[in-house]
Amino acid sequence: MIVKTRAVVLREIKYRDQSKICTLFTREFGKITVILKGARNPKSRLSGKFSPGSVLDIVLYRKPSREIQLVSEGSLVHSPLTSEPDMERFAAMYRIVDLVSNAVDGEEKNLPLFELLEGTLEALYRAVNRFDLLVVWFLLHQVSILGFEPSLLRCVFSGQEVAPAVESMRLCELLFVMNPGGIALPDAALRRSAVQRTISPEAYRLLCDIGTARLSDLDALRAGEAETAMLGSLIEEYCSLHLEHAPRKRNLAVVAQMLSK
């Protein structure tokens, strides 16, 4: 059956002399594996299009009983190569793509997640300058779509509103609880055995701002790089716990090398 769908390239590997095998996250069919015959031949109409982070409209010869599908056509919609070269941009792209690759499994359609990924990549390639904020924004929305939205407005143990409590109690720190997920007031978390991470009131407010911001508003947020990096690590740990995935060590090493240049 010949079908059309939009797809994001998650991974690619060389196959034989001139072909590729790619993992795609598609709008209609979820995560699939495809073969692109002759795609590494510069004369092929598929050449140069299927790299990680690329968003394409593709034509598939799809057979549900077959593990690897055949791509016959592909036209680029968004490409990481259309922007000026930027190592931080590419590092953010690889991180986002790897998170999705590890979070989804099998041919299960997830339209909200696909639209989140496509919109995030489009912003990454065209407009957003604070790539670190974009990654945190994506993490928060991804984990919420997958059913594990952390509680940020109310204490996960007492149900008390967090923001008023910070002011009235003059708190110097809060706790981010991994399970159940969300913010806890120190008194309510006392003697609890849940895994907890300390977070400052300033970082908490930034986390709330990121979670409620639109993509177009991210660059306007006032956020220090160290504070944003801490939130990124925090939410990624939370995602890893609840989605039972962790970015592959090899990919993290590549990202670290890119950022160090």
Side-chain angles (χ1 to χ4, degrees), residues 1-15 19-36 39 46 48-64 66-82 89-126 128 131 134-135 137-148 215 235-236 239-240 242-248 250-252 254-255:
M1 181 170 56
I2 299 175
V3 295
K4 297 180 180 179
T5 187
R6 184 156 292 185
V8 177
V9 181
L10 302 179
R11 298 176 185 169
E12 63 170 342
I13 59 172
K14 295 178 181 179
Y15 180 69
S19 298
K20 278 185 180 182
I21 292 178
C22 294
T23 302
L24 309 179
F25 184 46
T26 69
R27 181 184 180 92
E28 302 299 332
F29 310 110
K31 185 178 178 180
I32 63 174
T33 302
V34 301
I35 185 169
L36 295 84
L46 299 178
K49 296 179 180 179
F50 285 77
S51 58
S54 294
V55 183
L56 306 101
D57 287 326
I58 64 172
V59 176
L60 289 171
Y61 290 102
R62 183 171 182 269
K63 187 175 182 180
R66 187 167 54 198
E67 290 186 3
I68 300 180
Q69 310 298 331
L70 175 64
V71 170
S72 62
E73 296 180 31
S75 58
L76 275 171
V77 180
H78 308 298
S79 171
L81 302 179
T82 59
R89 187 192 306 273
F90 278 99
M93 180 272 289
Y94 277 112
R95 189 175 179 187
I96 289 169
V97 165
D98 203 51
L99 286 164
V100 172
S101 182
N102 285 286
V104 296
D105 187 27
E107 297 186 20
E108 184 176 338
K109 181 176 178 179
N110 189 327
L111 185 57
L113 182 58
F114 181 85
E115 291 180 341
L116 173 68
L117 176 60
E118 182 184 8
T120 302
L121 292 177
E122 180 182 6
L124 180 65
Y125 302 155
R126 296 183 183 274
V128 173
F131 309 129
L134 180 63
V135 171
W137 183 90
F138 177 81
L139 283 165
L140 278 174
H141 285 77
Q142 176 191 247
V143 77
S144 297
I145 285 174
L146 295 175
F148 300 98
L215 270 174
I235 301 302
E236 194 162 328
C239 291
S240 297
H242 286 275
L243 304 180
E244 296 183 354
H245 77 268
R248 291 168 292 147
R250 180 175 178 273
N251 278 16
L252 288 179
V254 171
V255 169

Exercise for review: Evaluate side-chain contact (heavy atoms from CB on, under 4.5 Å) for Lys20 paired with Tyr15, printing each intermediate quantity in order.
Suggested key: CA-CA 5 Å; Lys20 278 185 180 182; Tyr15 180 69; 5.8 Å; no
Practice item. Report the C-alpha separation of Arg11 and Ser101 in whole Å, then their side-chain angles, then the decisive distance to 0.1 Å, and conclude whether the side-chain contact (heavy atoms from CB on, under 4.5 Å) test is met. Key: CA-CA 8 Å; Arg11 298 176 185 169; Ser101 182; 3.2 Å; yes
Review point. So, do Leu124 and Phe138 sit near enough that their side-chain heavy atoms are less than 4.5 Å apart?
Key: no
Practice item. Give, for atom CG of Leu134 and atom CD1 of Ile96, the distance between the pair rounded to the nearest 0.5 Å. Key: 4.5 Å
Practice item. Report the residues that fulfil side chain to side chain donor-acceptor pair (under 3.5 Å) with Lys4, sequence neighbours left out, ordered by chain and then residue number. Key: none
Revision key, fill the gap. With sequence neighbours left out, the residues meeting salt bridge (Lys or Arg N to Asp or Glu O under 4.0 Å) with Asp105 are none
Revision key, fill the gap. When rounded to the nearest 0.5 Å, the distance separating OG of Ser240 from CD1 of Ile235 is 11.0 Å
Check your understanding: Looking only at heavy atoms, what is the nearest atom pair of Val34 and Ile68, with distance?
Key -> C-CG2, 3.7 Å
Review point. Side chains of Ile2 and Val59: does their closest heavy-atom pair fall under 4.5 Å?
Key: yes
Check your understanding: Thinking salt bridges, do Glu28 and Arg62 make one under a 4.0 Å N-O criterion?
Key -> no
Review point. Would a 4.5 Å heavy-atom cut-off, applied to side chains only, mark Val8 and Val100 as touching?
Key: no
Check your understanding: Which atom pair, heavy atoms only, marks the closest approach of Arg126 to Arg89?
Key -> N-NH1, 4.3 Å
Practice item. Evaluate the criterion side-chain contact (heavy atoms from CB on, under 4.5 Å) for residue pair Leu24 and Ile58; output intermediate values, then yes/no. Key: CA-CA 11 Å; Leu24 309 179; Ile58 64 172; 3.7 Å; yes
**Study point:** Side-chain donor or acceptor of Gln69 paired with backbone N/O of Lys63 under 3.5 Å
**Key:** yes
Point to revise | OH-CG distance between Tyr94 and Leu99, expressed to the nearest 0.5 angstrom | key: 14.5 Å
Point to revise | 4.5 Å side-chain heavy-atom contact, Val55 and Leu76 | key: no
Practice item. Taking the side chain as every heavy atom from C-beta outward, state whether Cys22 and Leu36 have any pair of such atoms under 4.5 Å apart. Key: yes
Point to revise | Heavy-atom pair with the smallest gap, counting every atom of Glu12 and Pro52 | key: OE2-CD, 3.5 Å
Review point. Could you walk me through whether Lys31 and Glu108 pass the salt bridge (Lys or Arg N to Asp or Glu O under 4.0 Å) check?
Key: CA-CA 7 Å; Lys31 185 178 178 180; Glu108 184 176 338; over 6 Å; no
Study note, to complete from the structure: To the nearest 0.5 Å, atom CG of Leu116 lies from atom CG of Leu140 at 10.5 Å
Check your understanding: Closest approach of Met93 and Leu121, non-hydrogen atoms and distance?
Key -> CG-CD2, 4.2 Å
Study note, to complete from the structure: Only residue of Leu117, Leu111, Asn110 satisfying side-chain contact (heavy atoms from CB on, under 4.5 Å) with Leu113 is Asn110
Exercise for review: Would you name the heavy atoms of Ala92 and Val135 that are closest together and state the gap between them?
Suggested key: CB-CG2, 3.8 Å
**Study point:** Trace of the side-chain contact (heavy atoms from CB on, under 4.5 Å) decision for Leu60 with Ile32
**Key:** CA-CA 11 Å; Leu60 289 171; Ile32 63 174; 3.7 Å; yes
Point to revise | Reported OH-to-CD distance for the pair Tyr61 and Glu73, which is rounded to 0.5 angstrom | key: 7.5 Å
**Study point:** Under 3.5 Å: donor-acceptor pair, side chain of Ser54, backbone of Lys49
**Key:** yes
Review point. Which pair of non-hydrogen atoms, one from His242 and one from Phe148, has the smallest distance, and what is that distance?
Key: ND1-CD2, 3.6 Å
Practice item. Would you give the length of the straight line joining atom CZ of Arg95 to atom CG of Asp98, rounded to the nearest 0.5 angstrom? Key: 10.5 Å
**Study point:** Test log, rule side-chain hydrogen bond (donor to acceptor under 3.5 Å, both in side chains), inputs Arg6 and Thr26
**Key:** CA-CA 6 Å; Arg6 184 156 292 185; Thr26 69; over 6 Å; no
Check your understanding: Tell me, do Thr33 and Glu67 make a side-chain contact under 4.5 Å, heavy atoms counted?
Key -> no
